[in-house]
Protein chains: 2
Amino acid sequence: MKRQLKFAPIAALAAGFLLLAGCGKRANVGSYQGESNQIAAVIAQRNLTPDDVLGAVSTYEPSGQHDEYVMFASGGQSGQVLVYGIPSMRLLDQIPVFTPDSMAGWGYGGAGNAILHNADLAAGPTGPAMQVRWGDTHHPALSQTDAKYDGKYLFINDKANGRIAVINLHYFQTTQIVKNPIFYNDHGGTFVTPNTRYVIETSQYAAPLGNGYAPLKDYAAAYRGEMTFWRFDENTGYIDPKRSFAIELPPYWQDLAIAGRLASHGWVFCNSFNVAMYHDDDTNGKPSFEAGATQRDTDYLHIIHLAQAEADFKAGKFTRINGFPVIPLKAAIADRILYFTPETKSPHGVDATPDGQYIVVNGKLDPHVSVYSFKKILAAIAAGNYRHDQYGVPVLPMRETIEARVEAGLGPLHTQFDDKGYAYTSLFLDSAIAKWALGGEYEKLHPDVPAWSLVQKMPVNYNPGHLAAPASDTSEPLGHYLVSLNKWSIDRFDTVGPLYPEDLQLVDISGPKMRLLSDTPLGLGEIHYAEIIPYKMLNVARVYPMGFSPRTWQVLKNAVQSGQEKIVRQGNHVTIFMTAVRSHYTPEVVQLNQGDEVTWHITNIERTPNASHGLAISAYNVNLTLNPGETETVHFLASRAGVFSFYCTKFCSALHLEMAGYLVVKPAGAAAVAQR
Amino acid sequence: MKRQLKFAPIAALAAGFLLLAGCGKRANVGSYQGESNQIAAVIAQRNLTPDDVLGAVSTYEPSGQHDEYVMFASGGQSGQVLVYGIPSMRLLDQIPVFTPDSMAGWGYGGAGNAILHNADLAAGPTGPAMQVRWGDTHHPALSQTDAKYDGKYLFINDKANGRIAVINLHYFQTTQIVKNPIFYNDHGGTFVTPNTRYVIETSQYAAPLGNGYAPLKDYAAAYRGEMTFWRFDENTGYIDPKRSFAIELPPYWQDLAIAGRLASHGWVFCNSFNVAMYHDDDTNGKPSFEAGATQRDTDYLHIIHLAQAEADFKAGKFTRINGFPVIPLKAAIADRILYFTPETKSPHGVDATPDGQYIVVNGKLDPHVSVYSFKKILAAIAAGNYRHDQYGVPVLPMRETIEARVEAGLGPLHTQFDDKGYAYTSLFLDSAIAKWALGGEYEKLHPDVPAWSLVQKMPVNYNPGHLAAPASDTSEPLGHYLVSLNKWSIDRFDTVGPLYPEDLQLVDISGPKMRLLSDTPLGLGEIHYAEIIPYKMLNVARVYPMGFSPRTWQVLKNAVQSGQEKIVRQGNHVTIFMTAVRSHYTPEVVQLNQGDEVTWHITNIERTPNASHGLAISAYNVNLTLNPGETETVHFLASRAGVFSFYCTKFCSALHLEMAGYLVVKPAGAAAVAQR
């Protein structure tokens, strides 16, 4: 009844409201009255508050309208990269990286198999080869030129297995996976230097370098950490392991790292969280790692002079471990490559302000954000007023390196930056985001707000890990939006079983106060970190050049062309040259003998964007996705006799069900089958 | 300037508008003025039309508000099931089924490995065992009681490999995968009978039954289709292959099927699309399947008397193929189990009206929707005025079985139903949805709209395949929403490379006219079909009982409990009994000798919902997801020596990085390592 009374005036006002608000070129005057009645009715019926309506109109993308920003997010233990549109927070794509993905035809025959195989563990003195077919993606890093995004490449690490992947953003394809030759795990990865000369990967849980064995009782002497600098070659688009190197570090459980830029160009900063070198051998009821590793008040912020390290590498001042160049800890100390300064214990984030002047560290058990001054760090190094840790690494006094401490709240983890001189730090225990004002040259951007002061705390749901803001990791952050990557969702969404989705909350940071815009559940990954870039900065191809191979990243001269399809038998080797186009394969029948070795080339000869085809072969565990122009090759042994179908897994036309063929495998012993 | 002039009045009206519209309990009067200014500004700045605003307020879910409906969608060649909330169209979950999923810990050690392994191809006379680790999920079917959803189970098929999976919706977990013993592929699956007594799976591309070999020249004599009736046991929650059977069918490329209900209870209807039995042996330049299979004007709608088939099965009137009971085609004819009636060629959808009185078939090359009357089908059978196909199957004259033909548009594929007597048919070639009025008893629901008449056509973007509406496949459809599963997106979204996302368009069907509400890209699957159920009809658990094993689907009496953790060595067999709780493992160190055979039991002893943990073991390709109460077991050979970390892949607390341990494997030959 209450609603009834209100409906008429709501509709009347809504009509006027929309008449004016909706005057954009896309509006249709005739529809206002009806529209406004319905809008008012829906708002009342769904019981939306003004905040809800604001969130709705701020995030809704009309049919056919494109999102302004694209977010590249790690999928966590899914092993993949997720691509979201902002502000709609719609999931646009999943780029397969470390884990097979049959939808994308990744790891079920074709190029994906070759790239994944290259990243398996090779046989060696410590044991046989091991197939590793998943990853724990953590930190995506977009390529940069002059400390700004260039939209060309994306890098991502696999924490579980110490690997780095390269994704080419022209085609949104993984092109390379490199395995760290001296370490099994990482976490501090990936981070790029301002011109993407190096992709940085840092080990996490200390172990003997080179993957060897040593008992835990020899921890201090035999276990180590390390930081690897993978040299990226812009000309080829691949990491060049031959020009890459590592630095030996103490066994302090190194964590996140960040490359300096502008003022701090040429330097790298890295957290650690077990300087106590606690190691529970579990034979005497010692406390667990969570207690033992946090027993000290401070850990060490690692300060690394990359420029000097590169000089040493080029001068051959390294040893080789498993054939990989490693600058020994002693040399890193002697050549003034490595310094420490204390940081509050068990830090998560280490982030550089856009100008590279300040390094922001969050010790998750300290309510303060610690801001280090790079100038002061250089001064402290020059002053030489430092002690050494037990490995002889110089430890700069915190009082000489710290610029400010901002009381943000409980459980500060990670910090992002906007274009107005503010920083945003996630508070895991408070389930909130702290907005605080930067000092130094940033003060002029907010003259009325004191430097290094807390501005606002906004609750989120729940337990945020990383935050992501457009271009925050560059010299020119864009502000506008912030995404809070919340680890728990608890009561936010429909329950979908004991495995809960995470909650990605989109926050408007364009105004003086943060404002929550929307909640987005994530049920197929654990986003660890993400980077956000304006869509217009990307240069994405809609089709491949005809005959393009994702394996060689080239157009194959011998790619199958229309009219040249054939099946060639040489002894028990059968080579198939096949094309796919709406809506048939040529040839449509493949007749084999059991035991034949098969090489199956197939090219999608479409030129129309979106005209992708698939090739699924029953029983043989093969599924390819062939985008327009793409050519792929599958090898298999025809070990099983019988009649098998192959068909297109993409709904490519009204007759897609007819896009199929027969693979007929004649039992061994029978006479060979003629092939045309 | 134009905007400037308009801004003030927009704000004023918006204020009043919201003051009234937002009067729900959640509104905050103090904020109206500010809110309305901002809303008006956003609508103007984003250039939203009244339609856009209506779509926004109709689909936006405020933070913490739950979606009213849940959509279970096939992921297509991803091999998984995707779970969406409606109306927000947010992706809530991905349930791993046929393809390993490291995020969910499915297929990287634990129960998933066992369930996937059971569905691999076993070694046999035709060849060795084959590991099949992906699927092409097509048609999810929710379990039913009395022709209505009961919210207990979900079934889904794998077209590529002829398999059916069972998902338990209490935990959203795949519990069983069965491999069809006589066929390698399917498509018509899954469909359930009104009480979920049987789950129906129909073969697609004809082949010799039993997976044997026959040359294509023997197609008519040796190739066949079949329909399998998998008996589902409500008491156990598993399919019972021992009580399941199949019916032999002609090699007509059977497609979708639907179980009759109410009036047609006990009957099943199935399409076919290559009655021409065209088979290109590709040696003589014949046309492709898309041309050859569609050369006839009509194919056959299969009409199957399941009740009689079940009687024959129980009476032992079957032969066994690969040990599986199959009712021969001759017996199916003789016992009046199988009839045909012509249908326009190459149909896609076959759907039964909610009352089971009419069977709706869409021949995708005919602009008409064909409506068959079940009463007339029975009458035609009784009249006996029929010819026989070449296999002796009675063919009922179309003129005697057809009730009506509705001119819908180009490329009609699939039909759904609402609660007001209307049907909705996707038009692939028109890229539109046709809404049309049902006749018969449904006329009284729309007295002013003539029976079997087209009501509205609404364009979609682009090329819709299936449609999904709440409970459309039951005797009580709910209407309200319709989701158009569009195969192409072309220009709808930011380009993410040559592999385009699909476009899920949400349509409001609650009013007299269909209205588009939103577009949602899908970049990680190809949704083939979906079913939608009100969330409140599900009964979902938030945690497992303590010690629950997803492998045995029971609480394990010997699940590891807190305080009982240990490592037991017997010769070279090492058994680990481990617990996980925020934020540590007990024990935290596992010391092995190279070559040890390892059995690793681990239980997540949390009772807090959302407190999931993981267990990732570097290098060993193991990643488990352990939800509260869950217990898992992993077996592996410690083939590689060295120091490996294991850690929690879920961000479970502020100290989650410390939730780790060491797996130390001593090289072979050295003295055995003492274990506590």
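Here is the naming used below: chain letters follow the sequence lines, and residue numbers restart at 1 for every chain.
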**Asked** Is it the side chain or the backbone of Ser58(A) that comes within 4.5 Å of chain B heavy atoms, both, or neither?
**Response**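 Both backbone and side chain.
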**Prompt:** Does any heavy atom of chain B fall under 4.5 Å from the side chain of Tyr108(A), the backbone, both, or neither of them?
**Reply:** side chain
Hey, which of [options] has the most heavy atom pairs under 4.5 Å with chain A?
options: Pro215(B), Gly135(B), Ser489(B), Gly162(B); value: Ser489(B)
options: Thr649(B), Leu655(B), Val83(B); value: Thr649(B)
options: Val665(B), Leu216(B), Val496(B), Thr520(B); value: Val496(B)
options: Tyr544(B), Phe172(B), Tyr171(B); value: Phe172(B)
options: Val70(B), Ile490(B), Asn461(B), Leu516(B); value: Ile490(B)
options: Leu499(B), Asp67(B), Thr99(B), Val664(B); value: Leu499(B)

Need one label for [X]: side chain, backbone, both or neither, based on atoms under 4.5 Å from any heavy atom in chain A.
X: Pro609(B); result: both
X: Thr294(B); result: side chain
X: Tyr535(B); result: side chain
X: Thr625(B); result: side chain
X: Tyr647(B); result: side chain
X: Asn463(B); result: neither
X: Leu429(B); result: side chain
X: Ser518(B); result: both
X: Ala160(B); result: both
X: Tyr184(B); result: both
X: Leu657(B); result: both

Does the [X] side chain pair with the main chain of [Y], one donor and one acceptor, at a distance under 3.5 Å?
X: Ser346(B); Y: Lys364(B); result: no
X: Asp101(A); Y: Ala104(A); result: yes
X: Gln594(B); Y: Thr126(A); result: yes
X: Tyr223(A); Y: Ala214(A); result: yes

Ring centroids only, cut at 6.0 angstrom: are [X] and [Y] within range, meaning strictly under it?
X: Tyr60(B); Y: Tyr60(A); answer: no
X: Phe428(B); Y: Phe651(A); answer: yes
X: Phe644(B); Y: Tyr662(B); answer: no

Pick from [options]: which one has the most heavy-atom pairs with chain B under 4.5 Å?
options: Asp491(A), Leu365(A), Asn211(A); value: Asp491(A)
options: Leu91(A), Val543(A), Val132(A), Thr495(A); value: Thr495(A)
options: Arg133(A), Lys650(A), Gln204(A), Arg640(A); value: Arg640(A)
options: Gly79(A), Ala619(A), Ala660(A); value: Ala619(A)
options: Ala616(A), Gly465(A), Ser639(A); value: Ser639(A)
options: His348(A), Lys487(A), Gln505(A), Glu290(A); value: Glu290(A)

**Donor on one side chain, acceptor on other, Ser618(A) and Asn185(B), under 3.5 Å** = no
**Message:** What I want to check is whether the side chains of Ser102(A) and Asn623(A) have a donor and an acceptor closer together than 3.5 Å.
**Reply:**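 Asn623(A) and Ser102(A) do not have a side-chain donor-acceptor pair below 3.5 Å.
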**Message:** Between Arg46(B) and Glu61(A), does any NZ, NE, NH1 or NH2 come within less than 4.0 Å of an OD or OE carboxylate oxygen?
**Reply:**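 Counted as a salt bridge, because a side-chain N and a carboxylate O are separated by less than 4.0 Å.
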Are [X] and [Y] close enough that some pair of their side-chain heavy atoms sits under 4.5 Å apart?
X: Leu524(A); Y: Gln94(A); value: yes
X: Tyr500(B); Y: Arg542(A); value: yes
X: Leu121(B); Y: Gln131(B); value: no
X: Pro62(A); Y: Thr49(B); value: no
X: Ser63(A); Y: Arg492(B); value: yes

